[in-house]
Trainee: 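The structure's right below; bear with me while I get my questions together.
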Amino acid sequence: MTQTRYDQRVRVFVEIHGGAHDWQEAETCFDRHGWPVRDAHPSGQGPLGPALEHDPDRRVYEIEVRLFGAAKGSDRGAADRVRKVLRSARLEGYVRRAEALARDRELYPHWRIVGTAHRRPGGQPAWRRRFVRVAMLLGRHDVGGFVSGGPRQALRLARAAAAPTDAARPAPAVRPLDGRWRESAPYKREEQLQRRVVRVVLWALLSAGALSMASAAPAVTWWLWIPVALLGACGAVRWGRELSGEGRRSEGVVIALLCVLVFAAFGTGLLDVDGGAWTPRRTVMTAVVVAVISGLWLLVRQWTWGEWVAWAVPLVVTLAVSAFVAAGSVLHALYAEGLSLTPDDLDIPPAWQALAAVKLLVMLSLVMIVPAWWGFAKHRHHSYATPGDGTNIILNVGLLLAMFAGAGIQAVESADAAVDRTTAAAERGDDPPSYFGVAPEWTCVRPVVPAADLPGEGPRLRPDAPYLSFGVSGETAVLWDPETREPVKLPANQVWLRPAESGKAPCAADRD
């Protein structure tokens, strides 16, 4: 299938041995991978000329390999792809030369064509010139045309596209639509500018993250984080100088310094909404999650049909797990099991179920570091990450099982830690912490029917003792006895529940 989307174009000269039959098969391989053949010459002729030996059984093809990934190293990546394709087709071929084709777009200034009939010959008062200038900037004299190019070129384009038929009619002019008209050619390149902006942001984030780590870490570790923060600031300034053209370096430096200061203010808590700084755990977790998501995106956008068989399974299973979590939270089920309850005993609002699902997916993202690393490796055209003639399915299945095993272990540990905190607080009589919408409260229970006629599950009810209440699920009051560490389930219409002052005072003293 022809590849319609790509990032880089590389011109590759491939020498094919074997005669006309192998030449035809090589052309079929090139077409199947979406690599157009620009030209073909006998060996010893064409652009490579006498650099190759003349042989009637050899032919040199000039093809254009289109691939995803970074511009740096794309020539080596294209050569590896061609080599592996020829090897899988059992063709004797050699990549003799590869060179990237730079096709980055220049950012020409944009202009709007305006009429000049409003201009009067001779001098005009200063107030009228200002009024006319403001009216022109507001589009009052636009005639409905758009051009792009340098100032002089834009004026020529406007007059060439809207040449008046009447010689007495005034020639049109142009007004700028952006600030790039002040720049001198050559103008900035679009993709180059995007890369520089990304680098400024990344270096600024590194500086802010290092400052947040230094503010939260002991003073003895400042010798490590302060140099890292300075390195990030220097890196942001270095790439900020490249944002503007010659003679305007200071603008990019100011923008880079503002980015560093803003991110540092957020990292240290000066501009945070809740007034809290980035904790080391939060900083590291955020960096890991963003890196994993970026790597997975780089991996997915490069998938071909041959790689879907091996790599689509993790994505499908991940989506299936997220759908299952949306219907019933895995974390809530593990938490309920730790307290000898069932998921049906916990009445969880949908919003908290969604938050628990996000938590589980974050855990899953942490164990997907390996495929994310693979995505970065492919983006950088490393030879071991270049798609070839096959994929190790067993390795990928094992990796999938390892990822979900790791996510399962993290989920179990999270639920077990919450259960331990709840039981420890219950033994002390303190208010237990909540867990994704599950907020047990100390409650006094008084039966409204004789105790002998009170049905239910669990240990016998002790009206003088406070219980942890998990709410009412359906028609059942779900309680938990801290003394026996077992749940107590009673009909909600046969007991009277009232909040207890604490888990330390007996309920008999609270009765009216």
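When a residue number appears, it is its place in the shown sequence, counting from 1. The structure presented is a predicted model; accordingly, all values stated were derived computationally and were not measured.
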Trainee: For Ala425 and Pro432, which heavy atoms make the closest approach, and how far apart are they?
Mentor: CB-CA, 3.7 Å
Trainee: Yes or no on side-chain contact (heavy atoms from CB on, under 4.5 Å) for Val201 and Phe263, after CA distance, side-chain angles and deciding distance?
Mentor: CA-CA 9 Å; Val201 173; Phe263 290 150; 4.2 Å; yes
Trainee: Is the number of heavy atoms from other residues, nucleotides or ligands under 6.0 Å of Phe376 CZ greater than 12?
Mentor: yes
Trainee: Hey, which of Leu205, Leu206, Val200 is the one that makes side chain to side chain contact (heavy atoms under 4.5 Å, CB included) with Trp203?
Mentor: Leu206
Trainee: Check Arg301 against Gly69 and note the closest heavy-atom contact, atom names and distance.
Mentor: NH1-N, 4.5 Å
Trainee: Measure centre to centre between the rings of His379 and Phe68, then say whether the value is under 6.0 Å.
Mentor: no
Trainee: Whether the side chain of Asp178 engages the backbone of Pro109 through a donor-acceptor N/O pair (distance < 3.5 Å, no angle test) should be reported.
Mentor: no
Trainee: Please report the closest heavy-atom contact between Ala210 and Val228, naming both atoms and the distance.
Mentor: CB-CG1, 3.7 Å
Trainee: Is a donor on one side and an acceptor on the other found under 3.5 Å between the side chain of Ser148 and the backbone of Phe146?
Mentor: no
Trainee: Count the heavy atoms belonging to other residues, nucleotides or ligands that lie under 6.0 Å from CD of Gln494, then report whether that count exceeds 12.
Mentor: yes
Trainee: Residues two or more places apart in sequence or in another chain: which of them pass side-chain hydrogen bond (donor to acceptor under 3.5 Å, both in side chains) with Glu337?
Mentor: none
Trainee: So, for Leu67 and Ser74, which heavy atoms are closest and what is the spacing to 0.1 Å?
Mentor: CD1-O, 4.1 Å
